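Treat the numbers as computed from the prediction; the structure is a model and nothing was measured. Below, chains carry the letters A, B, ... as their sequence lines are ordered, and counting in each starts from 1.
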Amino acid sequence: MTNQITTRVWVEDQNPVLRMGLVACVEAAGLTIAGQSTGVLPEPSAVGFDVVLFHLTTDRLRWSAEFGMSSSAGLIAVTDEANGNLAAEALRHGCSGVLVRDEITAQTLAACVGAVLAGRASLATALLPDLVSQVDDRPFRPGWQRLTEREVDVLRLVSEGESLRSIAEALSYSEKTIKTVIHDVVVRTGCSNRSEAVAMAARERLI
Amino acid sequence: MRRVLLGDFGEIVGLGLQEAIAGRPVEVVGSASAPSTVVDGISSVLPDVVVLDLALPGSVELAAEISTAFPAIKVVLCSSDEPIMRIYPPFHYGESHVTELDLLALVDSVVT
């Protein structure tokens, strides 16, 4: 269990006024400032803090990934705007938390730090609409994970407009076998017909 | 005590500004929540310095307007985006110059 009073935060922002504002917010949240810097990010090997709160721009993602891999300190990125893509990139590059600058308050900051120290990711609410709209909302069809190599070969040729006979010749099967293979895929994946099965396979990038 | 009127800033920048000038011989006489209220605010509190957000659209025009209408007032604009600031010195009637946003320079520009 973490004692909030001793949670040490390093604050960085290239803009000194923003840096001071973040520092004030950290202190208002009841956390301790381990140090602060303007335009200079801590080395991955640096110690003395539990969390780094820094201004994230795309040119800093690489540092973020390296730091995230080498340091045990939690990384919280502050973005200028509510950009879902940048937030997703931040999470992929070592950050555990992403906050939007204009939405930060002492409460949201304290909650984010708490979550990050407990090993959870934490995203500013303002980022959610953007991120949720990117989620794939196609229905989940379990059969798609288990296409055999033969089924893939057949479906690919069907998608190229080949006739059953030419597919049979190309793969050295009988026409009846080809029909059966197609039928099995259609039934197993819950499609209504062969065309739908081919279309779904293409969308799933299986063929 | 110098009287400072703070314009509309985001919470973080606002906090930062207040921290920066805390302990200095300045008195924050008001914070205007919208550009249209800044001019009204000036007439009622008569500040020595007005600080505005450079990143807000229309702030430069507003600064020029204040600088011309109230020549004795210095206007300082600082940005929450780029680390720059624009200063309208008193009695320069709308003329301004841009410098790098350095915290000491910012505080100095407000305090002196």
Rounded to the nearest 0.5 Å, what separates atom CG in L103(B) from atom CZ in R19(A)? 6.0 Å
In Å, rounded to the nearest 0.5 Å, how long is the span from CZ of R101(A) to CG of D81(B)? 5.5 Å
Kindly indicate whether the side chain of I12(B), heavy atoms from C-beta on, has any atom under 4.5 Å from the side chain of D102(A). no
With chain B, which of C25(A), A28(A), G21(A) has the greatest number of heavy-atom pairs at distances under 4.5 Å? G21(A)
Relative to chain A, which segment of E11(B) carries a heavy atom at a distance below 4.5 Å: side chain, backbone, both, or neither? side chain
With a cut-off of 6.0 Å (strictly less than), are more than 12 heavy atoms of other residues, nucleotides or ligands near CZ of R2(B)? yes
How far apart are the closest heavy atoms of N15(A) and P83(B), and which atoms are they? ND2-CA, 4.3 Å
At a 4.5 Å cut-off on heavy atoms, which part of L106(B) comes close to chain A: side chain, backbone, both, or neither? side chain
Applying a strict 4.5 Å limit to non-hydrogen atoms, the region of E82(B) in contact with chain A is backbone
Please classify the contact of T38(A) with chain B as side chain, backbone, both or neither, using a heavy-atom distance under 4.5 Å. neither
Heavy-atom neighbours of E160(A) CD exceed 12 at 6.0 Å: yes
Assess whether atom CD of E43(A) is packed by more than 12 heavy atoms of other residues, nucleotides or ligands within 6.0 Å. no
